[in-house]
A.B. asks: 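The structure is given below, and queries will be raised subsequently.
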Amino acid sequence: MTTSSVQRTVDAVWRMESVRLIAYLARRLGDVGLAEDLAQESLMVALDKWSAEGLPDNPAAWLMTVAKHRAIDHWRKQKRQHDKWGELVQEHTFLSQSSSPDPASLEDTVLDDDVLRLIFTACHPVLSPEARGALTLKTVAGLSTFEIARAYLVSEKTLAQRLVRAKRTLREKQVPFALPEHEELTERLAAVLEVIYLLFNEGYTATAGQHWVRPPLCQEAMRLGRMLTGYLPEQGEVFGLLALMEIQASRLPARQNAQGEPVLLMEQNRSQWDQLLLNHGFQALEKARKLGPSGLYTLQAELAACHGRARRAEDTDWQAITQVYDQLYRRYPSPVIALNRAVAVSRARGPQAGLVALQPLLSEASLQQYHLLPSVQGDFLFQLKRWQEAAGAFEKAASLTQNRQEQALLRERARAAYAQEHVL
């Protein structure tokens with residue numbers, strides 16, 4: 001087996017198992033940063049061992065066993081926490097005696113509860129809101145510092161420093177790796193919902209790489225959302241987030257063509273939307289409405305539902321969408337919401353109205369490296385037949401995104417604008 005094929009296998013196993021591995025180690029060791037380090041060490045051992053000896057029958061179980069070895073070695077060297085050491089040794093002995101570990105039993109060992117504990121630990125109030133989100137996306141989603149930095153519109157260096165400080169703070173403050181009591185749990189909920197939705201968004205529109213979408217990230221975010229509805233069945237916003245993710249995820253089959261190229265919402269074949277998932281989203285939204293009050297995610301789910309109910313693109317109720325955006329912006333003013341509102345305004349009242357709504361955002365500092373700003377501007381200009389300006393905006397947008405499929409789409413739109421200019 002070639003080194004490159006082993007690397008691809010290791011990467012695939014890591015993407016699928018890293019969150020459970022880190023969550024399990026964090027529960028045993030009580031240190032999120034140490035758990036991440038030991039998990040990374042196990043990954044390097046796997047790469048060396050599998051390159052030399054070939055793949056084991058169960059790579060995920062093998063990786064978990066190596067991680068437990070690392071944890072045992074750590075406690076042996078530290079000569080403390082002997083009760084935890086003994087517990088790990090017992091578990092390792094049991095797994096070693098099993099000739100072929102059952103993946104289902106492995107998942108039972110690494111309970112989903114551990115993942116929730118990891119999220120709520122990373123979202124502890126001793127950390128800043130920015131640090132909570134960044135740490136959760138790193139440990140739970142396995143996103144790179146670059147991907148997370150793009151999500152928060154900060155530099156990669158700033159994000160890396162934020163992660164280091166966050167892990168050090170959790171260690172120094174001796175934050176317990178446990179689900180908080182109910183009152184404290186609800187206090188941390190906003191941060192938890194934020195990072196789950198950031199995880200979903202990275203899957204729905206990938207920040208970088210060759211692929212337009214990364215469905216496994218969407219699936220993991222929805223799984224976490226469903227787990228939260230079980231823990232907090234009285235929280236309307238939990239159902240609002242789940243509704244938002246399920247309604248949006250229903251479009252995934254239509255978001256790219258057979259070549260993997262992006263297909264924008266208004267151009268999608270809506271018969272390809274996942275109707276079962278769409279209906280689940282509608283049901284979750286109805287539950288959110290009943291529990292109330294409507295917050296950030298429930299209002300966004302209302303927007304998604306407006307699109308979901310339209311059988312054809314031309315049936316979309318843009319007036320209703322604009323009204324929801326007005327509510328959103330009044331309650332949660334942000335440049336990104338204002339940008340999305342400008343798109344809705346253009347659909348409801350025409351591209352010139354959209355351009356007027358967009359104008360204040362062109363000088364917004366936090367959006368200067370955000371590719372969707374010039375992309376939206378280019379779309380308005382194209383509709384107004386200001387071809388050269390539109391082409392320039394699309395080219396700028398292409399230069400700001402790191403997603404290759406999105407770059408290709410934007411450059412094609414720039415060429416189309418130049419072609420119109422040439423025809424005239």
A.B. asks: Between Leu135 and Arg132, is a side chain to side chain contact (heavy atoms under 4.5 Å, CB included) present by the stated rule, with each step listed?
C.D. replies: CA-CA 5 Å; Leu135 182 59; Arg132 296 173 205 164; over 6 Å; no
A.B. asks: How long is the gap from CD on Gln219 to CG on Leu199, to the nearest 0.5 Å?
C.D. replies: 11.0 Å
A.B. asks: Under a 4.0 Å N-O cut-off, is there an ion pair linking Arg226 with Glu246?
C.D. replies: yes
A.B. asks: Determine whether the side chains of Gln407 and Asn403 contain a donor N or O and an acceptor N or O closer than 3.5 Å.
C.D. replies: no
A.B. asks: Run the side chain to side chain contact (heavy atoms under 4.5 Å, CB included) test on Gln300 and Leu244 for me, step by step, so that the C-alpha distance in whole Å, both residues' side-chain angles and the decisive distance to 0.1 Å come before the verdict.
C.D. replies: CA-CA 6 Å; Gln300 290 183 84; Leu244 172 59; 3.7 Å; yes
A.B. asks: Within a radius of less than 6.0 Å around CE of Met266, do more than 12 heavy atoms belonging to other residues, nucleotides or ligands occur?
C.D. replies: yes
A.B. asks: Determine yes or no for a side-chain-to-main-chain donor-acceptor pair under 3.5 angstrom, with Thr158 supplying the side chain and Val154 the backbone.
C.D. replies: no
A.B. asks: To the nearest 0.5 angstrom, please state how far the CG atom of Leu410 sits from the NZ atom of Lys396.
C.D. replies: 13.0 Å
A.B. asks: Please report the closest heavy-atom contact between Leu232 and Phe239, naming both atoms and the distance.
C.D. replies: O-CE1, 4.3 Å
A.B. asks: Do Tyr204 and Arg251 have a side chain donor and acceptor closer than 3.5 Å?
C.D. replies: yes
A.B. asks: To the nearest 0.5 Å, what is the distance between CD on Gln369 and OG on Ser155?
C.D. replies: 11.0 Å
A.B. asks: With sequence neighbours excluded, tell me which residues meet side chain to side chain contact (heavy atoms under 4.5 Å, CB included) with Glu389.
C.D. replies: Leu381, Arg386
A.B. asks: Evaluate the side-chain proximity of Leu193 to Leu189: yes if any heavy-atom separation is below 4.5 Å, no if none is.
C.D. replies: yes
A.B. asks: Are there over 12 heavy-atom neighbours, none belonging to Gln388, within less than 6.0 Å of that residue's CD?
C.D. replies: no
A.B. asks: Could you check if a side-chain atom of Pro351 sits within less than 4.5 angstrom of a side-chain atom of Leu384, using non-hydrogen atoms only?
C.D. replies: yes
A.B. asks: Please identify each residue that fulfils salt bridge (Lys or Arg N to Asp or Glu O under 4.0 Å) with Glu220, with sequence neighbours left out.
C.D. replies: Arg223
A.B. asks: Measuring only between side-chain heavy atoms, which start at C-beta, is Thr169 closer than 4.5 Å to Val175?
C.D. replies: no
A.B. asks: Quick check: do Val263 and Gln268 have side-chain heavy atoms less than 4.5 Å from each other?
C.D. replies: yes
A.B. asks: Tell me, which pairs form a salt bridge (charged side-chain N to carboxylate O under 4.0 Å, His left out) where one or both residues lie in residues 355-368, sequence neighbours left out?
C.D. replies: none
A.B. asks: Less than 3.5 Å apart, any donor N or O on the side chain of Thr139 or Glu36 sitting next to an acceptor on the other?
C.D. replies: no
A.B. asks: So how far is it from Ile321 CD1 to Leu328 CG, rounded to the nearest 0.5 Å?
C.D. replies: 12.0 Å
A.B. asks: Stepwise, does the side chain to side chain contact (heavy atoms under 4.5 Å, CB included) test hold for Val192 with Leu228?
C.D. replies: CA-CA 10 Å; Val192 172; Leu228 274 182; 3.8 Å; yes
A.B. asks: Identify, with sequence neighbours excluded, every residue that meets side chain to side chain contact (heavy atoms under 4.5 Å, CB included) alongside Ala310.
C.D. replies: Arg270, Asp315, Thr316
A.B. asks: For the atom pair NZ (Lys68) and OG (Ser42), what is the distance rounded to the nearest 0.5 Å?
C.D. replies: 11.5 Å
A.B. asks: Minimum heavy-atom separation for Ala390 and Gly378, please, with both atom names.
C.D. replies: CB-O, 3.6 Å
A.B. asks: Could you tell me whether Arg162 and Glu130 have a side-chain N and a carboxylate O separated by less than 4.0 Å?
C.D. replies: no
A.B. asks: Show, in sequence, the C-alpha distance, side-chain angles and deciding distance for Gln40 and Leu43, and conclude whether the side chain to side chain contact (heavy atoms under 4.5 Å, CB included) test is met.
C.D. replies: CA-CA 5 Å; Gln40 289 284 354; Leu43 183 68; 3.9 Å; yes
A.B. asks: What pairs with Arg188 under salt bridge (Lys or Arg N to Asp or Glu O under 4.0 Å), at least two apart in sequence or on another chain?
C.D. replies: Glu184
A.B. asks: Would you please name every residue forming a ring-ring contact (aromatic ring centres under 6.0 Å, His included) with His124, sequence neighbours left out?
C.D. replies: none
A.B. asks: Just by modelled atom types, is the Gln256 backbone N or O under 3.5 Å from a matching donor or acceptor in the Glu261 side chain?
C.D. replies: no
A.B. asks: Among residues two or more places apart or on two chains, list those pairs meeting ring pair (Phe, Tyr, Trp, His ring centres under 6.0 Å) that have a residue in residues 341-383.
C.D. replies: Phe382-Trp387
A.B. asks: Checking Glu237 side chain against Leu296 main chain: does a donor-acceptor pair fall under 3.5 Å?
C.D. replies: yes
A.B. asks: Kindly indicate, with the supporting measurements, whether the criterion ring-ring contact (aromatic ring centres under 6.0 Å, His included) is fulfilled by His307 and Trp273.
C.D. replies: CA-CA 11 Å; His307 291 291; Trp273 287 0; 8.2 Å; no
A.B. asks: Where do Leu278 and Gly308 come nearest, in terms of heavy atoms and distance?
C.D. replies: CD2-O, 3.8 Å
A.B. asks: Quick check: are there more than 12 heavy atoms from other residues, nucleotides or ligands sitting under 6.0 Å from CD of Gln174?
C.D. replies: no
A.B. asks: What pair of heavy atoms forms the shortest contact from Ile22 to Ala39, and how long is it?
C.D. replies: CG1-CB, 3.8 Å
A.B. asks: Applying side chain to side chain donor-acceptor pair (under 3.5 Å), which residue pairs with at least one partner in residues 327-350 are found, sequence neighbours left out?
C.D. replies: Asp326-Arg341
A.B. asks: Name all residues meeting the salt bridge (Lys or Arg N to Asp or Glu O under 4.0 Å) criterion together with Lys173; count only those two or more places apart in sequence or in a different chain, and write none if there are none.
C.D. replies: none
A.B. asks: Can you list every salt bridge (charged side-chain N to carboxylate O under 4.0 Å, His left out) pair that touches residues 272-283, not counting sequence neighbours?
C.D. replies: none
A.B. asks: For Gly203 versus Leu217, what's the shortest heavy-atom pair and its separation?
C.D. replies: CA-CB, 3.7 Å
A.B. asks: What heavy-atom pair brings Gly240 and Thr298 nearest, and what distance separates the two atoms?
C.D. replies: CA-OG1, 3.5 Å
A.B. asks: Got a sec, which residues hit ring-ring contact (aromatic ring centres under 6.0 Å, His included) with Phe394, two or more places apart in sequence or on another chain?
C.D. replies: none
A.B. asks: State whether the side chain of Gln248 and the backbone N or O of Met245 hold a donor-acceptor pair below 3.5 Å, judged by distance alone.
C.D. replies: no
A.B. asks: What distance separates Leu224 CG from Tyr197 OH, expressed to the nearest 0.5 Å?
C.D. replies: 15.0 Å
A.B. asks: Pick from Ile196, Leu242, Leu285, Leu241: which one makes a side chain to side chain contact (heavy atoms under 4.5 Å, CB included) with Tyr297?
C.D. replies: Leu241
A.B. asks: Please name all residues satisfying salt bridge (Lys or Arg N to Asp or Glu O under 4.0 Å) with Glu302, sequence neighbours left out, ordered by chain then number.
C.D. replies: Arg289
